[in-house]
Number of protein chains: 2
Amino acid sequence: MPKTFNFIEKLREVGLRPTKQRVNMCEVLFNREKTFHFTINDLVKMISEKMNQKISLATVYNTVHALEKKGYLKEISIDSHKSYFDTNTSVHHHFFDEDTNELIDCDENDIEPVNIKKNITGKKINSVEVLIKVASDNQNQKKFK
Amino acid sequence: MPKTFNFIEKLREVGLRPTKQRVNMCEVLFNREKTFHFTINDLVKMISEKMNQKISLATVYNTVHALEKKGYLKEISIDSHKSYFDTNTSVHHHFFDEDTNELIDCDENDIEPVNIKKNITGKKINSVEVLIKVASDNQNQKKFK
DNA sequence: TCAACAGTTTAGAATTGTTATAATGTAGTT
DNA sequence: AACTACATTATAACAATTCTAAACTGTTGA
Ligand SMILES: [Mn+2]
Ligand SMILES: [Mn+2]
Ligand SMILES: [Zn+2]
Ligand SMILES: [Zn+2]
């Protein structure tokens, strides 16, 4: 979803009724320079902070899933205890900072294409994604515990 | 955890009291030729089928997490709606069959080492894992829906 | 050998994250 | 304006997981 202010038309174009809740959520999600990662909880907080409107939790879930189904959000699994969503819907790789629980997009050029030599017979590959778990390199960390 | 029958001593060695529940769970999990993937639900079923003992759900969770903490089980995130565990605790790659929801270990030789050219400053890389999502290659699948 | 203790198991309650329900509200159409 | 289909909402239901506290058991050492 491009970064313009006219989410009313965008929503209509993709077959979603542009209700004020949806428009507001689109503002929060897509009216920004860079893509980002969030949990439903993050999103609820962002909405209540940035908008003067209160949106029901059910609507947040509904809209997130509607946008996911339409291809404007992507669900990411890092920690099975939490659902992350990504406004960057392309196939791409991630760093996961285990210190901060932060999910960071890999730069396209920072990782060489993954070379798969043998696939499972009769199946086609839908996506190849790399997850790089990182943590502080501080040697002393454990000594002082 | 090696594939022998003496889980009593193994458990003691790693500092876990060898209760009969734990020994039985170890039998189910580790007394086999190949490593495998399971959900807590799978495991509960396997226990009730293979053992004549009923183990409380809380104990299954406790023991799985105890074994995970000791490094004999690894949690895998593919689908944020389900927790998978792996008796193969090494860093390794997976195919995920989206038709069957089956998780399959990548053969070491079937994928070339991932080349990361640039890391996050001040962080060390703990693991690099690739997830390859595959599905049926049947062209007609969608036409007949 | 066995009492005492610490660690473990257990059933059930509590919590969390998510989905379903059904009444009310609203956008789009006429 | 009225109609209708779709959307929102509060709340209930649900599933997965964790917590609780009482009962139980492996281990230790007197
Ligand atoms: Mn989803
Ligand atoms: Mn865990
Ligand atoms: Zn991303
Ligand atoms: Zn595996």
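Each chain gets a letter, A, B and so on, in the order the sequences are listed, and its residues count up from 1.
- Distances shown here put every side-chain N or O of A/R12 at or beyond 4.0 Å from the OP1 or OP2 atom of C/dA27.
- Candidate nucleotides C/dA27, D/dA16, C/dT9 were compared by shortest atom distance to the side chain of B/T19, and C/dT9 ranks first.
- What separates CG of A/N62 from P of D/dT9 is a distance of 10 Å, to the nearest Å.
- Counting non-hydrogen atoms of other residues, nucleotides and ligands closer than 6.0 Å to NZ of A/K69 gives a total of 12 or fewer.
- Taking atom CG of B/N24 as the reference point, atom C1' of C/dT9 lies 13 Å away to the nearest angstrom.
- Residue whose closest nucleotide on DNA chain C sits further toward the 5' end, between B/T63 and A/I40: B/T63.
- Residues B/T39 and B/D42 have side chains that bring a donor and an acceptor to within less than 3.5 angstrom of each other.
- Listed nucleotides D/dC6, D/dT17, C/dT18 differ in distance to A/R17; the shortest reach to its side chain belongs to D/dC6.
- To the nearest angstrom, P of C/dT26 lies 18 Å from CG of A/L11.
- Counted by atom type alone, B/D110 and B/H93 present zero donor-acceptor pairs between their side chains at under 3.5 Å.
- The 12-atom threshold is not exceeded at NZ of A/K118, counting heavy atoms of other residues, nucleotides or ligands nearer than 6.0 Å.
- Whole-Å rounding puts the A/L43 CG to C/dG17 C1' distance at 15 Å.
- Computed from coordinates, the A/L16 CG to C/dG28 P distance equals 12 Å when rounded to whole Å.
- What separates OH of A/Y61 from C1' of D/dA12 is a distance of 15 Å, to the nearest Å.
- Within residues 47-60 of chain B, the residues approached by DNA chain D to less than 4.0 Å at the level of any non-hydrogen atom are B/L57, B/A58, in residue-number order.
- B/F36 and B/T87 get closest at one heavy-atom pair: N-OG1, 2.9 Å.
- Residue A/H65 places its side chain closer to C/dT19 than to any other of C/dT19, D/dT17, D/dT27.
- Proximity of A/Q21 to the phosphate of D/dT9: a side-chain N or O atom is located under 4.0 Å from OP1 or OP2.
- For the pair A/R22 CZ and C/dG25 P, the computed distance is 18 Å after rounding to whole Å.
- Side-chain contact check for A/D86 and A/H94: at least one donor-acceptor pair (N or O, by modelled atom type) lies under 3.5 Å.
- Separating the NZ atom of A/K20 from the P atom of D/dT9 is a distance of 7 Å, rounded to the nearest angstrom.
- The aromatic rings of A/F30 and A/F7 sit tilted, their planes meeting at an angle between 30° and 60°.
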